[in-house]
Amino acid sequence: MAINAQTQPKLDTREPVINDFAFSVATKNGSGSQTSNNVLVKALFQMGIPVNGKNLFPSNIKGLPTWYTIRASKDGYTARKALTEIVVAYNNSTATEDVANLPPGGVCITTDKIAKVIRRREDISYYEIPVAKLMRQTEIPSAFRKLVENMTYVGAVAQLFEIPLDLIYEVLLANFKGREKPALMNHDVVKLAYDWTADNLVKTDPYRFERMDGAEGKIMMTGNDAGALGAVFGGVNVVAWYPITPSTSFVDGLIGFRGLRQNEGGENTIAIVQAEDELAAAGIVVGAGWAGGRSLTSTSGPGISLMAEFAGLAYFAEIPAVFWNITRMGPSTGLPTRTSQGDLLFTHFLGHGDSRQICLLPGNLKEAFEFGWKSFDISESLQSPVFVVSDLDLGMNNWLSDPFDYPDQPMTRGKVLDATALQEFIDEHGKWGRYMDVDGDGIAYRTLPGTDHRFAAYFTRGTGHDEFAVYSERSDDWVENMTRLRLKMDTAREMLPQPIIDDSSNADIGIITFGTNEDAIREARDWLANDGIKTHYLRVLALPLASAVTEFIDAHKSIFVVENNFDGQLTQLIRLEHPENISHVRSLALGDGLPMTPDWIYDSLKEQEG
């Protein structure tokens with residue numbers, strides 16, 4: 001049965017639901033919905049409502065279905081919900097399924113055209129918007145009309161759920177960087193739909209928004225922008241990259257922020273090079289790191305594959321460089337526009353032979369920013385590549401955050417010898433070799449090209465070498481070098497950011513995770529606590545694993561490792577590094593391409609714990 005627009009609406013008698021629901025916007029990719037969705041989520045943010053927007057979009061350029069979910073939570077929960085109470089069904093190819101997925105008491109906002117072909121449910125509210133009729137009333141040029149018609153659902157949502165129109169205009173103006181003409185063109189459509197909805201539709205649902213102070217003092221941006229801003233504050237001066245989803249916007253952020261680092265003459269101090277491929281990009285940043293630059297590349301799993309040989313060279317020759325892996329779903333091309341934590345083992349052991357790379361694992365905007373600058377200090381201090389392993393969810397979606405803590409300390413360059421320091425080193429130790437470990441921490445002292453000292457030069461090589469960087473195939477030289485590199489990784493364990501631990505209550509159950517699963521776990525833990533199940537929590541921030549992870553495992557009867565990949569890679573790493581007494585460590589791994597939900601964590605943990 002098709003929806004009958006003349007049917008008398010049935011009023012919902014439930015109590016009002018304020019600032020505590022989610023809605024999904026279903027459109028076609030390339031239809032201009034990104035602007036519409038950003039306007040909604042940022043308007044809610046400006047209303048002081050804790051909110052999170054997550055974009056589920058296809059990997060082709062235009063035409064396939066796109067969903068954008070917006071969750072508002074007066075209690076500050078911003079993880080993805082398994083069910084959304086409201087759907088904006090603006091895609092005829094998915095509308096039937098979108099409506100079927102609504103819970104009882106849900107809401108469907110759709111076009112009058114789509115309403116004729118979807119089957120009616122008696123347990124939800126329907127609002128039909130005559131999009132074509134409204135657009136005929138506008139004076140928008142035909143070239144822009146299709147891109148702007150999604151603003152009709154912005155107007156309907158604003159009127160039905162009480163988002164102020166003046167706030168919508170403010171957000172539009174900011175979105176178009178103060179240009180009034182495109183802002184007004186979009187806002188005219190918003191107001192047209194808003195007024196039509198007010199005059200013609202009867203609200204039959206209990207959902208609405210109202211201003212609150214839950215987002216007071218917060219900022220909103222994407223993780224890629226946060227990481228890029230951090231890199232600018234970290235002194236990056238060479239960037240090489242090749243475009244790939246979902247990391248391209250990281251370099252877009254660097255391009256946007258590099259004006260913060262112009263010299264007094266207004267010249268840019270950050271060189272940004274689009275290389276011919278990922279292999280070349282890796283070569284550029286490794287070369288720049290060798291020369292003393294602070295260099296960075298950003299990519300995703302397929303790009304990391306191409307960078308493996310240069311990463312192995314940098315590991316063995318001990319050259320600092322920063323690599324951002326904005327992880328997407330693999331293997332192979334996989335699902336290029338879906339999120340994943342499936343590159344953890346691959347990245348940590350990147351490079352043939354006995355390579356082990358340092359990884360930083362941000363889980364929110366503040367950590368993306370912090371690791372953006374701190375990764376350079378760590379890379380130079382350890383004379384090793386550093387991989388910041390983020391994911392598509394954090395990288396490309398809008399997140400709330402407290403303001404960033406900007407670095408107030410000088411850059412840490414590590415053990416770098418200028419001509420004077422090199423001579424003092426030789427006077428003290430009788431000699432200097434590029435790979436001599438005189439401090440017992442596995443980290444040698446290095447010189448930079450151009451150091452004005454007759455002993456400063458050395459030959460950088462990826463082949464076997466002794467402590468003086470001289471070519472060697474002697475087994476004892478090889479073993480000595482590899483033993484020192486292993487010692488350096490042990491030094492790194494305590495030098496790197498330490499795990500975040502919550503063990504404030506008495507609990508036998510511990511939850512371990514990394515990255516962006518935190519919001520879902522926080523909510524699931526609250527649900528478990530309401531059931532009388534107390535849990536402790538540890539979030540890993542870096543690899544190699546800190547000793548605190550072992551201590552946490554040993555302190556609990558049951559350990560659940562929650563991660564967004566198919567094989568339970570962090571669980572495997574824990575078992576590899578700590579094979580003793582871990583029969584109580586169980587994997588909760590779900591690699592379905594979507595951000596984790598508290599529902600799945602809650603249900604899975606209760607099922608396994610019995």
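Scope of the values below: all heavy atoms of this structure, side chains included, with no hydrogens, waters or symmetry mates.
The CG atom of L594 lies 10.5 Å from the CE atom of M596; values are rounded to the nearest 0.5 Å. Expressed to the nearest 0.5 Å, how far CE of M221 lies from OG of S401 amounts to 9.0 Å. Taking CG of N101 as the reference point, atom OG1 of T84 lies at 8.0 Å (rounded to 0.5 Å). Interatomic distance, CG of L605 versus OG of S558, reported as 8.5 Å (0.5 Å rounding). Expressed to the nearest 0.5 Å, how far CG of L528 lies from OH of Y602 amounts to 6.5 Å.
Paired with N325 under the rule side chain to side chain donor-acceptor pair (under 3.5 Å), one option of T347, D391, T297 passes, and it is T347. Of the candidates E609, E607, E563, R586 forms a salt bridge (charged side-chain N to carboxylate O under 4.0 Å, His left out) with just one, namely E609. Here the rule is ring-ring contact (aromatic ring centres under 6.0 Å, His included) with F250, and of F257, F323, W324, W241 only W324 fits it.
Residues Q572 and E577 fail the side-chain proximity criterion, which asks for heavy atoms closer than 4.5 Å. Contact annotation: the side chain of W67 never approaches that of T27 to less than 4.5 Å [non-hydrogen atoms, C-beta and beyond].
Environment of CG in D554: crowded, with over 12 heavy atoms of neighbouring residues, nucleotides or ligands closer than 6.0 Å. More than 12 heavy atoms of other residues, nucleotides or ligands sit less than 6.0 Å from atom CZ of F21.
Between the side chains of D526 and Y77, a donor-acceptor pair is found at a separation under 3.5 Å. Side-chain contact, T222 with N224: no donor N or O sits under 3.5 Å from an acceptor N or O. H584 and H556 share no side-chain donor-acceptor pair at under 3.5 Å. There is no side-chain donor-acceptor pair under 3.5 Å between T513 and R539. Inspection of the N55 and N397 side chains reveals no N or O donor paired with an N or O acceptor under 3.5 Å. Judged by distance alone, the side chains of N37 and Y153 do bring a donor and an acceptor atom under 3.5 Å apart. No side-chain donor from either of D502 and H536 sits under 3.5 Å from a side-chain acceptor of the other.
Here the closest non-hydrogen pair linking A542 and L496 is CB-CB, 3.7 Å.
For the pair K54 and W399, the cation-pi criterion (under 6.0 Å, within 45° of the ring axis) is fulfilled.
At a threshold of 4.0 Å, the pair K366-E518 does not count as salt-bridged, since none of the basic side-chain nitrogens sits closer than that to a carboxylate oxygen. For the pair R493 and D490, the salt-bridge criterion is met [side-chain N within less than 4.0 Å of a carboxylate O].
Residue pairs satisfying the salt bridge (Lys or Arg N to Asp or Glu O under 4.0 Å) criterion with at least one member in residues 315-343, sequence neighbours excluded, are listed as follows: E318-R484, E318-K488.
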